[in-house]
Amino acid sequence: MALVPFDDRDGWIWQDGAFVPWREARIHVLTHGLHYASSVFEGERAYAGHVFRLREHTERLIQSGRILGFEIPWTADEIDEACRQTLARNGLTEGYVRPVAWRGTEQLSVAAPQSRIHLAVAAWPWPNLYGGDRMKGLRLTWARWKRPHPETAPTASKAAGLYMIGTLAKHEASAEGYDDALMLDWQGNISEGTGANVFLVIEGALHTPTPVNFLDGITRRTVMALARKRQIEVVERTIPPSDLARTSEVFLAGTAAEITPVREVGEHRFTPGVVTETLLRDYEALVRMPPEEVASRLAA
Ligand code: PMP
């Protein structure tokens with residue numbers, strides 16, 4: 001399939017408060033966000049006309065900026081509205097929404113406290129990250145790159161800079177014929193995928209690493225709530241890779257990845273089973289409910 005570059009598409013992008021034609025949504029090459037990774041973003045999905053857990057994404061975006069020391073000059077209500085309008089303006093009821101905030105061009109050195117903070121929102125159709133046959137299960141390899149200690153990087157922020165090792169890990173996995181990589185943390189325990197959190201099923205219970213050095217995903221929290229509703233025990237803990245030897249099912253969970261079964265991690269093999277399938281079905285039903293119903297289901 002021919003790649004359609006992201007700067008050569010039809011549509012509208014919300015940029016700093018106004019819609020601009022897609023091809024005109026540009027920044028200058030001397031932008032701080034580009035040189036020093038002073039950029040934070042979100043990845044959201046709309047289903048049946050609504051962005052799933054929009055307010056949580058917006059709050060995380062604002063918080064990600066604060067962690068990098070900047071304040072996005074829009075309120076949560078305004079950012080929510082920009083996301084909704086971007087979908088509508090592009091005629092989408094299903095798709096991926098990408099808000100991104102960054103430091104501009106006023107200063108170009110490590111310190112840039114006077115830089116203007118910009119915000120843009122784009123949206124485009126994006127079927128599941130791993131494509132139609134994801135039920136077969138992904139083949140993952142171990143990443144050579146380790147997730148950093150939380151005192152080494154602002155790991156609670158969805159900051160562009162943290163994706164450097166994710167891109168490296170994923171490129172290396174693809175070059176070896178794998179679908180993706182699973183990352184360990186700096187201590188050698190299981191951390192997360194390159195763009196999604198990871199869950200293991202061990203003796204019928206759902207185990208997932210404690211989010212000390214990676215993003216506590218919105219999908220992750222949703223999956224944990226869905227599991228508890230099904231009376232599936234949820235265990236958050238430090239998970240050494242050797243635990244995969246007694247794991248029956250593995251899946252990834254993230255906005256773009258949704259819930260995607262894994263059939264292979266390094267030397268370990270798994271078969272997507274009843275826990276993965278149940279949670280996948282529950283998740284697919286939940287994301288299509290109106291936002292008020294999502295909130296009440298998750299709260300109950
Ligand atoms: N970890 C990483 C590295 C990610 O990129 C994502 C996707 N944003 C996640 C976890 C899952 O987060 P969420 O469920 O909020 O999309």
Side-chain angles (χ1 to χ4, degrees), residues 37 39-47 51-65 67 79 83 95-101 121-123 126-130 134 138 140 143 145-150 152-173 179-186 189-200 206 208-227 234 236 239 250-260 262 279-280 282-284 286-287 294 298:
S39 163
V40 297
F41 67 99
E42 267 307 315
E44 308 168 356
R45 263 192 197 279
Y47 299 91
V51 176
F52 181 64
R53 305 194 71 178
L54 174 58
R55 181 47 69 102
E56 285 92 334
H57 282 285
T58 295
E59 283 172 353
R60 186 169 69 187
L61 180 73
I62 293 170
Q63 187 55 26
S64 290
I67 292 171
I79 298 171
C83 293
Y96 185 80
V97 185
R98 166 57 60 85
V100 57
V121 184
W126 196 8
N128 181 273
L129 181 59
Y130 296 103
R134 73 179 151 131
L138 301 177
L140 306 184
W145 302 91
K146 308 288 183 281
R147 303 294 319 175
H149 186 287
T152 301
T155 52
S157 170
K158 195 167 166 65
L162 291 168
Y163 283 83
M164 182 174 61
I165 56 174
T167 300
L168 285 167
K170 186 148 186 180
H171 283 184
E172 289 169 8
D179 297 304
D180 211 328
L182 191 60
M183 305 192 77
L184 301 173
D185 67 16
W186 79 102
N189 293 308
I190 294 177
S191 181
E192 60 168 354
T194 61
N197 293 120
V198 66
F199 285 88
L200 282 56
L206 196 60
T208 195
T210 314
V212 284
N213 67 316
F214 57 84
L215 216 56
D216 179 8
I218 292 166
T219 318
R220 177 185 184 277
R221 296 201 296 267
T222 305
V223 165
M224 290 166 67
L226 290 173
V234 179
E236 270 184 290
I239 305 181
V250 174
F251 63 86
L252 296 179
T255 298
E258 301 173 299
I259 293 182
T260 299
V262 171
L279 294 171
L280 194 149
D282 285 356
Y283 185 75
E284 283 182 343
L286 184 73
V287 295
V294 170
L298 291 174

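These figures come from a predicted structure and were not determined experimentally. One is the number of the first residue; the rest follow in order along the sequence. First listed ligand is number 1; within each ligand, the first listed atom is number 1.
Using a 3.5 Å distance cut-off with no hydrogens or angles, the side chains of Glu44 and His57 do not pair a donor with an acceptor. No hydrogens or angles considered: a donor-acceptor pair under 3.5 Å links the side chains of Arg53 and Thr222. Looking only at atom types and distance, the side chain of Asn213 has no donor-acceptor partner in the side chain of Thr155 under 3.5 Å away.
Panel note: side chain Arg60, backbone Lys158; no donor-acceptor pair is recorded below 3.5 Å.
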Could you tell me, for ligand 1, which of its N or O atoms are under 3.5 Å from any protein N or O, listing the pairs and their distances rounded to 0.1 Å?
unit_1   : atom_1 : unit_2 : atom_2 : d
ligand 1 : 1 (N)  : Glu192 : OE1    : 2.5
ligand 1 : 5 (O)  : Lys158 : NZ     : 3.4
ligand 1 : 5 (O)  : Tyr163 : OH     : 2.5
ligand 1 : 8 (N)  : Lys158 : NZ     : 2.6
ligand 1 : 14 (O) : Ile218 : N      : 3.3
ligand 1 : 14 (O) : Thr219 : N      : 2.8
ligand 1 : 14 (O) : Thr219 : OG1    : 2.6
ligand 1 : 15 (O) : Arg60  : NH1    : 2.8
ligand 1 : 15 (O) : Arg60  : NH2    : 2.9
ligand 1 : 15 (O) : Ile218 : N      : 2.7
ligand 1 : 16 (O) : Thr255 : N      : 3.0
ligand 1 : 16 (O) : Thr255 : OG1    : 2.6

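Taking the ring-ring contact (aromatic ring centres under 6.0 Å, His included) definition, one finds that His149 meets it with Trp186, sequence neighbours left out.
With salt bridges taken as basic N to acidic carboxylate O contacts below 4.0 Å, none links Asp185 and Arg147.
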